[in-house]
Amino acid sequence: MIECRRPPERGCQLRGWGAWQLLVSVLVVVCLFPSAALGVGPDVVIDTGLVSSFGASEDAQGVLWVAVGWPDNKLQVFKSADGGESWMSALWFPLDGQARKIEVIASPPSAIDRRVFVFFLTATGAGDLWACSIRTDSGIWENLPVAVGPDTIDDFSVAVDKDHNYYLYCLYVNEQRNGLNGRFTRSSDKGRTWETGQEWWNAADPCISAGQGSVVHAVWRYVGNGREIHYCANRAFGKPAGWGSFHKIKSGGPKCWEPVVAEVDTGGQVVWIFYTVGRRDTALTDLEYAYSRDGGRSWGKVLTLGEPFLNEWSPALKTDRFGVNGFVDLVYRVARMSEPDMPLVVWRSVSSTDPEFWSAPVVMSDRPSQQSCDGCRPRMARVSGHTPRGPLVFFSCSSPDGASGVYCDAPWRPFAFEQPASTAEPRHALDHSVGVLTVRVTGPATLEVYDLSGRLVRLLRVDAGAGAAVWDRRDANGRTVPDGTYVVFVQCACGRPNLVKRLVRICRAD
């Protein structure tokens with residue numbers, strides 16, 4: 001029996017990785033797709049209104065920082081000292097144009113001069129990249145040029161290492177051309193000056209992250225054909241001669257985009273790379289990933305994460321700055337095939353001891369997320385004191401005019417237990433005598449049936465008071481479907497989004 005209801009409070013489920021393994025195993029067995037009804041508290045509103053981009057991170061003291069670009073050419077920085085429950089404006093300043101992309105990073109805990117850096121890319125000068133340096137003790141700030149000039153910058157990525165005399169790293173690219181189209185640069189003086197950029201070739205969607213010691217990881221999409229994911233690592237704090245072997249993580253096949261990379265703080269230097277791939281056969285977007293157990297020197301096979309009947313895209317990875325525990329967190333957007341414009345933001349976690357055993361997805365957003373704005377992709381920040389140390393997840397919502405507001409939520413936030421307004425329960429997986437599937441509901445619901453190729457076979461809508469949805473094994477044209485296995489999604493109006501998945505085997509009546 002599968003019911004559309006809340007499980008016990010999340011506090012009893014988050015007591016260590018062993019509990020996660022048990023929880024995930026149960027969910028896999030019963031074929032559930034978890035949702036916001038899994039016990040996440042209501043979204044916290046940081047601010048509302050249309051948004052052009054945003055970024056988020058945490059500083060060495062655990063204070064959370066969010067920088068927001070507004071369509072009226074303004075950038076505003078918010079901060080929270082209570083784990084994201086309340087927010088205050090720290091500063092704002094006008095821009096010459098809209099901030100197309102924002103990244104927020106902070107100096108490592110070992111640094112004496114502690115700062116938060118807000119990097120922002122504007123349309124001024126065909127794409128200029130700046131950094132706002134904020135001292136966390138005094139709030140004094142200054143804007144510093146990173147790459148300003150006549151050349152176009154379309155995208156960038158930044159990172160900071162963990163040394164007390166830390167480097168800031170930046171990889172920026174012009175995605176309008178092939179060949180030499182990017183530069184990798186670094187700063188050793190808190191962003192005041194930047195070294196002459198190292199030449200970077202054929203790169204789009206760049207992502208860099210700092211690993212253990214002197215390692216800097218870089219991943220990007222090959223701009224020549226858009227079907228390859230390339231990777232390289234520098235093991236000498238980003239020095240020009242420090243780049244190692246070049247790897248093709250993905251070579252050919254469907255188009256791909258949005259690669260991200262992260263290395264855990266312990267556990268044998270495990271590194272993950274995620275990216276989005278567009279399936280030509282099903283018109284779906286999926287997440288693919290690969291991992292390395294030796295710090296990026298060698299890579300295993302490419303794997304697929306997620307559900308075969310859902311769209312999944314916009315991955316982001318985050319490791320733990322507050323403890324050495326070998327975990328990495330993943331957030332991404334997800335939407336059903338029948339509702340591609342209604343995406344939600346989900347979170348998962350994995351341990352370096354078992355890099356393929358991802359926890360069950362938990363929906364963070366109470367409302368549809370912004371689906372297409374690259375500057376408003378989901379982000380994460382770490383808050384100390386939670387076990388496991390799940391992140392705070394940030395996202396914007398969808399509106400007819402674009403990305404709207406910035407909100408946050410976390411898997412460890414409290415919630416008020418509510419009795420759902422309706423339930424859905426496949427009372428009989430299959431009644432072989434009549435060849436029908438009966439789903440009992442006590443409120444409005446929808447039932448979707450897909451074949452194993454991902455094709456929508458039948459969509460049934462159940463009004464309040466109907467009591468049950470009955471599928472008579474006919475498709476939308478009234479034709480009887482052949483014997484086989486089908487995937488049934490039940491969407492219940494339980495106040496918050498809830499989705500139940502069930503595999504059913506349809507056979508001829510005995």
Side-chain angles (χ1 to χ4, degrees), residues 55-58 101 103-106 155-162 169 171 205-212 215-221 229-233 247 249-250 256-277 286-293 295-296 299-300 302-306 312-334 345-359 361-362 364 374 377-383 388-395 410-411:
S57 188
E58 72 287 338
K101 183 175 182 178
E103 297 286 354
V104 182
I105 58 176
D155 203 354
F156 74 95
S157 180
V158 292
V160 58
D161 63 46
K162 300 175 177 64
Y169 306 99
L171 174 59
D205 298 345
C207 180
I208 60 175
S209 67
Q212 300 181 57
V215 181
V216 179
H217 302 281
V219 64
W220 64 97
R221 173 173 57 93
I229 299 297
H230 295 176
Y231 165 86
C232 196
H247 296 267
I249 305 301
K250 178 183 182 297
C256 53
W257 57 95
E258 304 173 322
V260 292
V261 60
E263 176 188 343
V264 297
D265 292 330
T266 187
Q269 292 184 298
V270 180
V271 185
W272 287 267
I273 289 176
F274 271 82
Y275 55 90
T276 305
V277 62
D286 285 330
L287 294 185
E288 291 185 347
Y289 74 101
Y291 64 88
S292 167
R293 291 184 180 271
W299 293 84
V302 171
L303 305 167
T304 300
L305 181 84
E312 294 138 329
W313 70 104
S314 296
L317 292 169
K318 183 77 172 179
T319 57
D320 190 356
R321 286 165 50 99
F322 292 103
V324 180
N325 58 20
F327 282 82
V328 67
D329 295 300
L330 167 72
V331 295
Y332 54 95
R333 294 169 174 146
V334 60
V345 176
V346 304
W347 162 76
R348 306 178 78 164
S349 183
V350 73
S351 167
S352 59
T353 59
D354 195 348
E356 296 182 27
F357 193 84
W358 290 86
S359 64
V362 178
M364 294 288 104
D374 184 66
R377 294 170 61 179
R379 309 298 177 93
M380 286 178 283
R382 281 287 186 169
V383 181
R389 301 173 189 269
L392 201 66
V393 179
F394 299 86
F395 47 89

Kindly compute the distance separating CD (Gln269) from OG (Ser292), expressed to the nearest 0.5 Å.
-> 8.5 Å
State whether the side chain of Lys250 and the backbone N or O of Val302 hold a donor-acceptor pair below 3.5 Å, judged by distance alone.
-> no
Does Trp272 reach the main-chain N or O of Pro355 with its side chain, forming a donor-acceptor pair under 3.5 Å?
-> yes
Classify the side-chain pair Asp329/Trp347 by whether it contains a donor and acceptor separated by less than 3.5 Å.
-> yes
dist Leu317:CG -> Met380:CE (nearest 0.5 Å) comes out at 6.0 Å
Distance from Ser349 atom OG to Phe327 atom CZ, nearest 0.5 Å?
-> 5.5 Å
By salt bridge (charged side-chain N to carboxylate O under 4.0 Å, His left out), which residues pair with Glu263, not counting sequence neighbours?
-> none
Donor-acceptor pair, Arg379 side chain versus Arg377 backbone, under 3.5 Å?
-> yes
Ring centres of Phe274 and Trp358 under 6.0 Å apart?
-> yes
Does Arg221 reach the main-chain N or O of Trp257 with its side chain, forming a donor-acceptor pair under 3.5 Å?
-> no
For Val260 and Pro315, which heavy atoms make the closest approach, and how far apart are they?
-> CG1-O, 3.5 Å
Sequence neighbours left out, what passes salt bridge (charged side-chain N to carboxylate O under 4.0 Å, His left out) with Asp161? Give chain and number order.
-> none
State, to 0.1 Å, how close Val104 and Ser57 come at their nearest heavy-atom pair, and which atoms those are.
-> O-CB, 3.2 Å
Least distance between heavy atoms, Ala381 atom then Glu58 atom | CA-OE1, 3.4 Å
Taking the six-membered ring for Trp and the full ring for Phe, Tyr or His, determine whether the centres of Trp299 and Tyr231 are under 6.0 Å apart.
-> yes
Is there a donor-acceptor pair closer than 3.5 Å between any side-chain N or O of Ser209 and the backbone N or O of Val261?
-> yes
For Tyr275, which residues count as a ring-ring contact (aromatic ring centres under 6.0 Å, His included) partner, sequence neighbours excluded?
-> none
Donor on one side chain, acceptor on other, Glu103 and Ser157, under 3.5 Å | no
Which atom pair, heavy atoms only, marks the closest approach of Arg333 to Pro378?
-> NE-CD, 3.8 Å
